[in-house]
Amino acid sequence: MEESSEFKRICVFCGSNSGNKQVFSDAALELGNELVKRNIDLVYGGGNVGLMGLVSQTVFDGGCHVLGVIPRALVPQEISGETVGEVRIVRDMHERKASMAEESDAFIALPGGYGTLEEILEMITWAQLGIHKKPVGLLNVDGYYDCLLSLFDNGVDEGFIKPAARDIVVYAPTAKELMIKMEQYTPSHQTIASHESWKKAQRELASSDEGPSLPWILQNGSLSSGCSRLKNNGGPHGVGAKLKVEVSSVE
């Protein structure tokens with residue numbers, strides 16, 4: 001039976017390997033089925049191997065749209081045989097993450113390695129900064145993320161993570177529980193900068209005569225656009241250095 005959801009598309013970060021336990025593969029299939037049940041489209045890393053392949057094939061077979069975003073260099077490693085759904089090939093990892101974030105209403109991490117951790121941590125950081133207001137969830141299969149969650153708690157105890165910011169991370173042991181928590185999620189933390197300020201900065205950059213691709217220069221307290229090299233008139237870290245500032249935003 002199909003259930004309604006406020007999410008139209010969810011980005012799933014996960015491993016291109018299946019892990020050493022069957023429970024990880026089972027969780028990928030469970031998550032895929034949960035997305036189908038709620039009629040939610042999938043955005044993911046574009047590979048058809050490992051957990052990526054399992055969750056994408058399940059969503060695709062269930063009749064929902066699948067968008068895979070993958071850097072050209074990783075195509076031979078992460079795509080074997082037929083592709084699943086729509087595949088968008090991008091230049092690099094930065095463009096991959098930006099594209100996936102822009103296309104998604106929320107983010108979920110299945111178990112994975114360094115890449116999965118880096119991707120989900122960046123989404124957590126963007127939430128803290130105010131770049132987006134989207135829920136970020138960990139599918140804590142068989143306690144896989146227990147150590148990471150303990151690290152976050154330690155960050156609070158040691159004064160590096162604010163208690164309210166700790167609540168950015170939603171987690172649960174099953175896909176159904178996680179989806180319920182994420183649909184009930186309301187941001188309670190104070191962002192580093194307002195979401196509106198990120199959007200305003202992006203609009204200003206996009207509307208500048210030089211175009212959004214050029215760097216902006218911060219010098220003597222004022223921000224201006226230009227193509228100047230990074231100059232330094234006072235040594236490696238001295239006074240007079242021009243700092244290039246690039247601003248992007250994900251709604």
Side-chain angles (χ1 to χ4, degrees), residues 1-16 18 24-72 74-75 77-112 115-116 119-120 122-123 126-127 131-139 141 170 172 174-185 248-251:
M1 181 179 176
E2 186 176 297
E3 300 179 17
S4 61
S5 174
E6 64 181 83
F7 306 128
K8 301 301 181 185
R9 291 171 294 188
I10 287 183
C11 176
V12 175
F13 301 119
C14 56
S16 56
S18 298
F24 299 139
S25 295
D26 294 342
L29 296 173
E30 178 193 17
L31 177 58
N33 285 321
E34 196 66 32
L35 295 180
V36 170
K37 186 190 302 181
R38 296 168 183 270
N39 196 29
I40 299 173
D41 295 333
L42 171 69
V43 179
Y44 82 115
N48 62 358
V49 295
L51 299 187
M52 281 199 292
L54 291 174
V55 69
S56 61
Q57 192 66 57
T58 301
V59 174
F60 183 77
D61 290 345
C64 293
H65 185 262
V66 173
L67 171 62
V69 184
I70 186 169
R72 184 177 299 276
L74 292 182
V75 170
Q77 285 75 37
E78 296 189 355
I79 296 182
S80 175
E82 293 293 323
T83 58
V84 179
E86 177 187 352
V87 177
R88 181 181 301 170
I89 298 177
V90 296
R91 290 171 298 180
D92 53 38
M93 295 295 288
H94 300 292
E95 187 176 352
R96 181 195 215 180
K97 286 182 292 184
S99 181
M100 293 169 77
E102 183 178 4
E103 294 284 353
S104 305
D105 301 320
F107 310 95
I108 291 175
L110 277 162
T116 300
E119 289 164 336
I120 200 68
E122 184 154 3
M123 294 307 108
W126 286 9
I131 296 175
H132 72 75
K133 300 178 180 179
K134 305 172 182 181
V136 183
L138 297 177
L139 189 49
V141 183
V170 181
T174 68
K176 184 175 183 178
E177 291 176 80
L178 184 61
M179 288 300 306
I180 293 172
K181 284 187 174 183
M182 291 178 67
E183 287 172 341
Q184 295 173 344
Y185 171 78
S248 61
S249 177
V250 176
E251 302 220 3

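The two atoms that bring Ser99 and Arg88 nearest to each other are OG-NH1, 2.8 Å, heavy atoms only. Leu51 approaches Cys14 most closely through the heavy-atom pair C-SG, 3.8 Å. Among all heavy-atom pairs drawn from Ser104 and Lys134, the shortest one is O-NZ, 2.6 Å. Closest of all the heavy-atom pairs between Phe7 and Met182 is CZ-O, 3.6 Å. Nearest heavy-atom pair, Cys64 versus Val36, reported as atom, atom and distance to 0.1 Å: SG-CA, 4.0 Å. In plain terms, the two heavy atoms of Ala109 and Thr116 that are nearest each other are CB-CG2, 4.2 Å.
Taking CG of Asp61 as the reference point, atom OG of Ser56 lies at 9.0 Å (rounded to 0.5 Å). Here the CD1-CD1 distance, from Ile108 to Ile120, works out to 8.5 Å after rounding to the nearest 0.5 Å. Leu42 CG to Glu86 CD: the interatomic distance, rounded to the nearest 0.5 Å, is 11.5 Å. Summarising the geometry, atom CG belonging to Leu54 is positioned 5.0 Å from atom CG belonging to Leu29; distances are rounded to the nearest 0.5 Å. Taking CZ from Phe24 and CG from Leu139, the interatomic distance works out to 10.5 Å, rounded to the nearest 0.5 Å. Residue Lys176 holds its NZ atom at 13.0 Å from CG of Asn33, rounded to the nearest 0.5 Å.
Listed for the Asn48 side chain is no donor-acceptor partner under 3.5 Å among the backbone atoms of Gly53. For the pair Arg96 (side chain) and Val90 (backbone), a donor-acceptor distance under 3.5 Å is absent. The backbone N or O of Met123 sits less than 3.5 Å from a side-chain atom of His132, completing a donor-acceptor pair.
Counting heavy atoms from C-beta on, the side chains of Val87 and Ile70 come closer than 4.5 Å. Between Met100 and Phe107, every side-chain heavy-atom pair lies at or beyond the 4.5 Å cut-off. The shortest side-chain heavy-atom distance between Tyr44 and Val59 does not fall under the 4.5 Å cut-off.
Looking at His65, Met179, Lys8 one by one, the single match for side chain to side chain contact (heavy atoms under 4.5 Å, CB included) with Ile40 turns out to be Met179. Looking at Glu102, Glu122, Glu119 one by one, the single match for salt bridge (charged side-chain N to carboxylate O under 4.0 Å, His left out) with Lys97 turns out to be Glu122.
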Evaluation steps, side-chain contact (heavy atoms from CB on, under 4.5 Å), between Met93 and Leu74: CA-CA 10 Å; Met93 295 295 288; Leu74 292 182; 4.1 Å; yes

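Side-chain polar atoms of Glu30 and Thr174 form no donor-acceptor pair below 3.5 angstrom.
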